[in-house]
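All chains are named by letter (A, B, ...) in the order of the sequence lines, taking the proteins before the strands, and each is independently numbered beginning at 1.
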Protein chains: 2
Amino acid sequence: MTAEEAETAARMFKALGDPVRLRLFSSVASHEGGEACVCDISDVGVSQPTVSHHLKKLREAGLLTSERRGTWVYYRVQPSVLAAMGRLLAPAFAPAPSQDQSPAPTPAT
Amino acid sequence: MTAEEAETAARMFKALGDPVRLRLFSSVASHEGGEACVCDISDVGVSQPTVSHHLKKLREAGLLTSERRGTWVYYRVQPSVLAAMGRLLAPAFAPAPSQDQSPAPTPAT
DNA sequence: ATCGTGTTTCGATATGTGTCAACATAGACT
DNA sequence: AGTCTATGTTGACACATATCGAAACACGAT
């Protein structure tokens, strides 16, 4: 893993590395229709401006997208994120650079 | 996702939310034999004490375990982490999208 | 005792987190 | 139109936490 890849990946992990943000992200991702209004996910124990700040961070990290429709603002998960996460985690957990045949280093503890 | 689950999961994401730590974790995870000596992974652009700091954080987050064998200290990935990550990401990324679409977000009255 | 490998302590600097107040936007209402 | 209300965002600030390296320490091997 190069320094550049690490930067990109770490930015995503970092965005999810806060309980409030993780819950917000999870709420959006698991919401019916794939999108959620801010008013539907604002019950995470912090003030509404704080929610907005966190949503901004998730947006800036490329994890969420926002769209205003009328009065409400809807957030949805950036589709590419799913694949990106998978690609990032897979090599870390099952690198198999060239000669490794074991798919996952799960040593019998 | 409850607040408690978010706390636990966020701690893991947070630990990986730093480029240096992510590279260290990746190095350990992808190292042959499933473990790596500190001396093998210390080339990440920061001083050796800093590497030790980050490795400690990864340990405290439950992502890595360390073991001293003679002169060197070996790190390996906590096996349960792989499954835990999978469980965490799966529901967020594959929320079994329902066909129901309710545009009205039921604002708090 | 001396060297090599990691860890810890300590301090300086940087970044993150949360709230209040103010602002922007969209709909409703007279 | 103008005004009011509701929904989110942004700015400013206090407070907490993270990051990093120099120096000192702990541990094992020679």
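Among residues at least two apart or in separate chains, salt bridge (Lys or Arg N to Asp or Glu O under 4.0 Å) pairs with a member in residues 34-46 of chain B are Glu35(B)-Arg69(B), Glu35(B)-Arg76(B).
Scored by the side-chain hydrogen bond (donor to acceptor under 3.5 Å, both in side chains) test, His54(B) finds Arg21(B) as partners (sequence neighbours excluded). In this view, Glu4(B) satisfies the salt bridge (Lys or Arg N to Asp or Glu O under 4.0 Å) rule with no residue, not counting sequence neighbours. The side-chain hydrogen bond (donor to acceptor under 3.5 Å, both in side chains) test applied to Arg68(A) returns no partner, not counting sequence neighbours. Every residue meeting the side chain to side chain contact (heavy atoms under 4.5 Å, CB included) condition with Ser47(A), not counting sequence neighbours, appears here in chain and number order: Pro49(A), Thr50(A). In this view, Ser27(A) and Ile41(A) satisfy the side chain to side chain contact (heavy atoms under 4.5 Å, CB included) rule, not counting sequence neighbours. Residues passing the side chain to side chain contact (heavy atoms under 4.5 Å, CB included) test with Glu60(B), sequence neighbours excluded: Lys56(B).
Following chains of ILVMFWY side-chain contacts shorter than 4.5 Å, one can reach Leu55(B) starting from Val20(B), so the two form part of one hydrophobic cluster.
Checking Cys37(B) against Gln48(A), the closest nucleotide of DNA chain C that is more toward the 5' end is the one next to Cys37(B).
Computed from coordinates, the Lys56(B) NZ to dT19(D) P distance equals 13 Å when rounded to whole Å. Following rounding to the nearest Å, Ile41(A) (CD1) and dT7(D) (P) show an atom-to-atom distance of 14 Å. Counting to the nearest Å, the P atom of dT7(C) and the CH2 atom of Trp72(B) are 14 Å from each other. Whole-Å rounding puts the Leu16(B) CG to dT19(D) P distance at 12 Å. One atom, CG of Leu64(B), and another, C1' of dG6(C), lie 15 Å apart when rounded to the nearest Å.
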TODO: Any chance you could list the contact pattern along nucleotides 22-30 of chain C? Use B for base contacts, S for sugar-phosphate-only contacts and - for none, protein heavy atoms under 4.0 Å, 5' to 3'.
DONE: ---BSS---
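Between Tyr75(A) and dT9(D), a side-chain N or O to OP1/OP2 separation shorter than 4.0 Å is present.
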Quick one: which protein N/O atoms are closer than 3.5 Å to N/O atoms of nucleotides 15-18 of chain C? Pair and distance per line, please.
unit_1: dG16(C); atom_1: OP1; unit_2: Lys14(A); atom_2: NZ; d: 3.4
unit_1: dT17(C); atom_1: OP1; unit_2: Asp18(A); atom_2: OD2; d: 3.0
unit_1: dT17(C); atom_1: OP1; unit_2: Arg21(A); atom_2: NH2; d: 3.2
unit_1: dT17(C); atom_1: OP2; unit_2: Arg21(A); atom_2: NH1; d: 2.9
unit_1: dT17(C); atom_1: OP2; unit_2: Arg21(A); atom_2: NH2; d: 3.4
unit_1: dT17(C); atom_1: OP2; unit_2: Lys57(A); atom_2: NZ; d: 3.3
unit_1: dG18(C); atom_1: OP2; unit_2: His54(A); atom_2: NE2; d: 2.5

